[in-house]
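Every chain is numbered from 1 and lettered A, B, ... according to where its sequence line falls, protein lines coming before strand lines. In what follows, every heavy atom counts, from backbone to side chain, and hydrogens, waters and symmetry copies are set aside. These numbers come from a predicted model, not from an experiment.
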Amino acid sequence: MYTQFFGNYLLSKGLVTSEQMVEAIRYTKTVHLKLGMLAIHAGYMTSGEVEQVHILQTRISKPFGELAVAEGFLTPEQVTELLSAQKPGFLLLGQALIERGYISTNQFESVLSAYQSEFEITDNDFSEDQTHRIDTLIQDFYYSNRSENSAYYLNYITLLFNNLIRFIGEDFTPFKASAISAYPSNYCVSQVIKGSFSAYTAIDMDRDTFITFASRYAGENFSEFDEYVKASVEDFLNLHNGLFAVNMSNDHSIDLTLNPPIHENNCIIAPSAFLSCIPVSFSFGTINFLISNLE
Amino acid sequence: MDFSTIKILITDDSVLARKKLKDYLASLGCQHIYEVSDGQQAIDSYKINKPDLVFLDIIMPVKDGITVVNEILEFDPKARVVMASSVGTQSYLKEALKAGAIDFLQKPLDNELVKKVVLNAIGGQK
């Protein structure tokens, strides 16, 4: 979750615009993570040193690692370690933003350091403390006191992001939610949750994004908008809402039921209460997640 | 273990969920697999095909899974019905078991658990 919120953090600091972020996320598909980014992340090199090696590379045709070792910035052991290390997704996003010219390497280094110290979390640490920090992070972006069900709403959003990571992929950045009264749908699947946390939920995206989303969920390679693609996105929403219902049952003794998911393509969605729209941008496109309290 | 003789009915409104389960059962060697997409079709298919095992979703159009398990067991008290749903809440679990379901599998389905359920059904067949 740490990775996913890095992009959001950059947006909240006003370092990039939403348009630049969406464009950079799409660009990550073609980006190969460079050793310099890994060295900055590991604290082995400063952004200035990385820039220095990049300038050298314009004159000397040698790999980054070799030049960094020759300049005394890295040891051969550090190069080996960096090449075999885990490559967090937010580094890829950072590199895409740098390569598109939206932020400098220096800005990236500063903001990464600020983000790490502000939240003090790593993707590899799933302790209880970590869970609390992620809750805090999500709360910063999505929490509201609109109703007494806000804590459940927070649980719902946290589970949504976890399920997106689990079933679709880690390469996304969630954007800040907005409250709207009506939403013109594109390719949309919705489902109503009934019980003491009654809600209208929906997931909407363009056609190509829908097909790729469905492919990732099903582990297939769909190319046409067919019944399997439709069923796949239905299944994702139904599974997510189902798991939420299970959590509510186990953790709060609240019983919820679900209506079957339905398709609401190309129509105006306007429930009685406001809709909370959460855009989530993947490298293959942006999905809009909608939720409205039906109390 | 011979899976080829067992008759299995899959009931799920999701064509993808049916395909995934059917493909897995076929990979085990199951040769008699029937599939339907709503609760009423499940009851009708059960009466015609008399399967040894039924996988039944809960959230479905026309008739929900709990109603269906009641009706199937009313027709055949020895029916072996396993609920397979994303909504494994305490109340659904209790309702399903009270209605006579022999097991409850939480989606996404774990293939090992599916296999175990089928093996138990084969054991019950003999």
Side-chain angles (χ1 to χ4, degrees), chain A residues 159-160 162-164 166-168 189-197 201 210-211 213-222 224-263, chain B residues 10-24 26-27 35-42 55-69 82-99 101 103-111 113-114:
Chain A
L159 182 67
L160 172 68
N162 280 320
N163 283 336
L164 285 173
R166 183 177 170 195
F167 297 110
I168 309 300
V189 175
S190 69
Q191 184 170 45
V192 169
I193 301 173
K194 295 182 293 185
S196 55
F197 180 84
T201 64
F210 201 99
I211 293 171
F213 187 95
S215 298
R216 283 194 176 196
Y217 178 71
E220 303 279 347
N221 194 15
F222 299 126
E224 297 297 323
F225 186 82
D226 59 16
E227 58 176 349
Y228 287 104
V229 165
K230 288 164 76 175
S232 179
V233 179
E234 281 175 23
D235 284 5
F236 171 80
L237 186 62
N238 189 54
L239 180 67
H240 165 59
N241 286 332
L243 292 174
F244 174 69
V246 172
N247 289 351
M248 291 290 279
S249 166
N250 292 342
D251 300 341
H252 305 287
S253 300
I254 290 174
D255 274 320
L256 301 174
T257 58
L258 307 177
N259 283 354
I262 56 169
H263 285 262
Chain B
I10 301 170
T11 308
D12 201 308
D13 55 328
S14 164
V15 63
L16 184 69
R18 293 200 305 272
K19 181 182 182 297
K20 292 265 176 197
L21 183 53
K22 189 178 176 182
D23 286 351
Y24 177 66
S27 77
E35 53 174 305
V36 293
S37 60
D38 71 50
Q40 187 54 53
Q41 287 176 15
F55 285 100
L56 189 60
D57 190 14
I58 291 183
I59 312 294
M60 288 187 297
V62 187
K63 260 182 193 170
D64 69 82
I66 302 293
T67 308
V68 174
V69 74
V82 173
M83 310 309 287
S85 171
S86 61
V87 199
T89 63
Q90 298 295 331
S91 61
Y92 272 136
L93 200 63
K94 280 179 199 161
E95 275 186 66
L97 296 177
K98 191 178 159 193
D103 216 332
F104 196 114
L105 299 181
Q106 172 72 39
K107 287 182 181 174
L109 294 181
D110 177 334
N111 283 343
L113 290 177
V114 170

Ordered numerically, the heavy-atom neighbours of chain A under 4.5 Å found in residues 85-95 of chain B are B/Ser86, B/Val87, B/Gly88, B/Thr89, B/Gln90, B/Ser91, B/Tyr92

Correct closest heavy-atom pair for B/Ala17 and A/Asp235 would be N-OD2, 3.7 Å

Atom pair CG (A/Asn238) and CG (B/Asp57), whose distance is rounded to the nearest 0.5 Å: 7.0 Å

Under 4.5 Å from a heavy atom of chain B, the part of A/Glu227 involved: both

My understanding is that only residues two or more places apart in sequence, or in another chain, count here; which of them pass side-chain hydrogen bond (donor to acceptor under 3.5 Å, both in side chains) with A/Thr257? none

Which residues pass the ring pair (Phe, Tyr, Trp, His ring centres under 6.0 Å) test with B/Phe55, not counting sequence neighbours? none

Scanning both residues in full, the closest heavy-atom pair of A/Pro260 with B/Pro61 reads CG-N, 4.1 Å

Name the region of A/Phe244, side chain, backbone, both or neither, that has any atom closer than 4.5 Å to a heavy atom of chain B. neither

Sorted by number, residues from residues 246-254 of chain A in contact with chain B (heavy atoms, under 4.5 Å): A/Val246, A/Ser249, A/Asn250

Report which part of A/Asn259 has an atom under 4.5 Å of a heavy atom belonging to chain B: side chain, backbone, both, or neither. backbone

